[in-house]
Amino acid sequence: AVKTAILGISAYYHDSAAALLVDGSIVAAAQEERFTRNRHDASFPMRACRYVLDEAGLRYDDVAVVAFYEKPFLKFERLLETYHALAPRGLASFVAAMPTWMSKKLFMRRMLDEHLGALGTTHHRLLYPAHHVSHAASAFYPSPFQDAAILTVDGVGEWATTTIAHGHGNTIEIVSGMSFPHSVGRLYSAFT
């Protein structure tokens with residue numbers, strides 16, 4: 001019998017994907033672009049969700065928890081503070097970004113519930129781990145290590161751009177990091 005099934009989702013930015021853990025083990029993971037053939041597909045990963053559930057022989061109703069890869073409200077806070085600090089220079093970017101945030105991204109729970117509803121009931125517990133914790137977990141949990149230092153270097157998550165974490169057993173603790181606007185990942189992106 002299944003003890004705990006956790007569905008992890010990345011969506012609405014780039015490279016949407018789904019992963020399924022059953023009793024702490026990764027059973028299946030897939031990127032939506034593998035099914036849609038749209039490079040860097042940002043849509044909700046409906047096909048990937050169905051695939052991982054099928055691979056596990058589960059229905060969506062068997063899922064106990066759904067985890068989304070970031071904390072949308074903290075990301076929105078960063079955007080507002082950045083636009084405020086750059087005013088009035090960032091006005092055009094602010095005006096372009098806000099309609100999507102005001103109509104959709106601030107209501108992430110509703111968007112997720114609508115898409116997940118196509119898979120089955122929507123009574124599941126929905127968690128929003130920090131973006132860099134999601135990155136760290138994707139490296140640490142499938143590794144053979146019970147104790148490890150974890151380095152994540154990204155463009156930007158909610159505020160973090162680089163983090164150093166300690167993974168031990170089934171926990172990950174962020175020990176140190178670098179915050180936006182300082183970002184090795186964004187510097188790399190600018191050059192590539």
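If you read the sequence from its start, that first residue is 1, and numbering goes on from there.
Residues Ile9 and Pro45 form a side-chain contact, since some pair of their non-hydrogen atoms from C-beta on lies under 4.5 Å apart. Contact annotation: the side chain of Tyr188 never approaches that of Val153 to less than 4.5 Å [non-hydrogen atoms, C-beta and beyond]. Contact of the Leu91 side chain with the Leu86 side chain is not registered, since no non-hydrogen atoms from C-beta on lie closer than 4.5 Å. Taking the side chain as every heavy atom from C-beta outward, Ile172 and Ile150 approach each other to under 4.5 Å. Within the 4.5 Å cutoff, the side chain of Arg186 has no heavy atoms near those of the Asp154 side chain. At least one side-chain heavy atom of Leu127 sits under 4.5 Å from a side-chain heavy atom of Val65. At a threshold of 4.5 Å between non-hydrogen side-chain atoms, the residues Leu20 and Leu53 count as touching. Side-chain contact between Leu112 and Arg109 is absent, with no heavy atoms from C-beta onward closer than 4.5 Å.
For the atom pair CG (Asp61) and CG (Leu119), the distance works out to 9.5 Å, reported to the nearest 0.5 Å. In this structure, CG on Leu151 lies 10.0 Å from NE2 on His132, to the nearest 0.5 angstrom. Rounding to the nearest 0.5 Å places NE2 of His40 at 9.0 Å from CD of Gln31. Taking NE2 of His131 as the start and CZ of Phe68 as the end, the distance is 10.5 Å to the nearest 0.5 Å.
Residue pairs meeting the side-chain hydrogen bond (donor to acceptor under 3.5 Å, both in side chains) criterion with at least one member in residues 44-58, sequence neighbours excluded, are Glu32-Arg47. Counting only residues at least two apart or in different chains, side-chain hydrogen bond (donor to acceptor under 3.5 Å, both in side chains) contacts with residues 167-181 comprise Asp147-His168.
Nearest heavy atoms, Trp159 versus Leu74: NE1-O, 3.9 Å. Taking all atoms of both residues into account, the shortest heavy-atom contact from Tyr83 to Ser93 is OH-OG, 2.9 Å. Of all heavy-atom pairs spanning Val27 and Ala56, the tightest one is CG1-CB, 3.6 Å. When all heavy atoms of Tyr128 and Pro72 are compared, the closest pair comes out as CD2-CD, 3.6 Å. Contact detail for Leu7 and Cys49: the closest heavy-atom pair is CD2-SG, 4.1 Å. Scanning all heavy atoms of the two residues, the minimum distance from Tyr141 to Gly169 falls at CE2-O, 4.0 Å.
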Item to complete: Carefully, step by step, assess Tyr12 and Tyr69 under the rule side-chain contact (heavy atoms from CB on, under 4.5 Å).
Response: CA-CA 11 Å; Tyr12 313 125; Tyr69 76 106; 5.8 Å; no
Discussion item. Under the criterion side chain to side chain donor-acceptor pair (under 3.5 Å), I'd like the reasoning laid out for Thr152 against Thr163: C-alpha separation, chi angles, the key distance, then a yes or no.
Written reply: CA-CA 5 Å; Thr152 61; Thr163 59; 2.4 Å; yes
Item to complete: Dump the intermediate steps for side-chain contact (heavy atoms from CB on, under 4.5 Å) on Arg37 and Glu33, then the final yes or no.
Response: CA-CA 5 Å; Arg37 298 296 186 212; Glu33 74 175 28; over 6 Å; no
Practice prompt. Starting from the C-alpha separation in whole Å, work towards a yes-or-no answer on side-chain contact (heavy atoms from CB on, under 4.5 Å) for Lys75 and Phe73.
Written response: CA-CA 5 Å; Lys75 185 174 184 176; Phe73 288 125; over 6 Å; no
Discussion item. side-chain contact (heavy atoms from CB on, under 4.5 Å), that's the test. Do Phe94 and Thr82 meet it? Break it down for me.
Written reply: CA-CA 10 Å; Phe94 176 79; Thr82 302; over 6 Å; no
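Panel note: side chain Ser183, backbone Phe180; no donor-acceptor pair is recorded below 3.5 Å. At least one donor-acceptor pair under 3.5 Å links the side chain of Thr161 to the backbone N or O of His182. Within the 3.5 Å criterion, the main-chain N or O of Met111 finds a donor-acceptor partner in the side chain of His115.
At a threshold of 4.0 Å, the pair Asp62-Arg59 counts as salt-bridged, since one of the basic side-chain nitrogens sits closer than that to a carboxylate oxygen.
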For residues 100-108, dump all side-chain donor-acceptor pairs below 3.5 Å to protein atoms at least two apart in sequence or in another chain.
unit_1, atom_1, unit_2, atom_2, d
Ser103, OG, Pro99, O, 2.7

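Judged purely by distance below 3.5 Å, without hydrogens or angles, the side chains of Asp41 and Ser43 pair a donor atom with an acceptor atom.
Residue Ile164 is not grouped with residue Phe140 when hydrophobic side chains (ILVMFWY) are merged at heavy-atom distances under 4.5 angstrom, including chains of intermediate members. Ile6 and Val52 fall into different hydrophobic clusters, defined by Ile, Leu, Val, Met, Phe, Trp and Tyr side-chain heavy atoms under 4.5 Å apart, directly or through other members. Residues Ile26 and Val22 fall into different hydrophobic clusters, defined by Ile, Leu, Val, Met, Phe, Trp and Tyr side chains chained together at heavy-atom separations under 4.5 Å.
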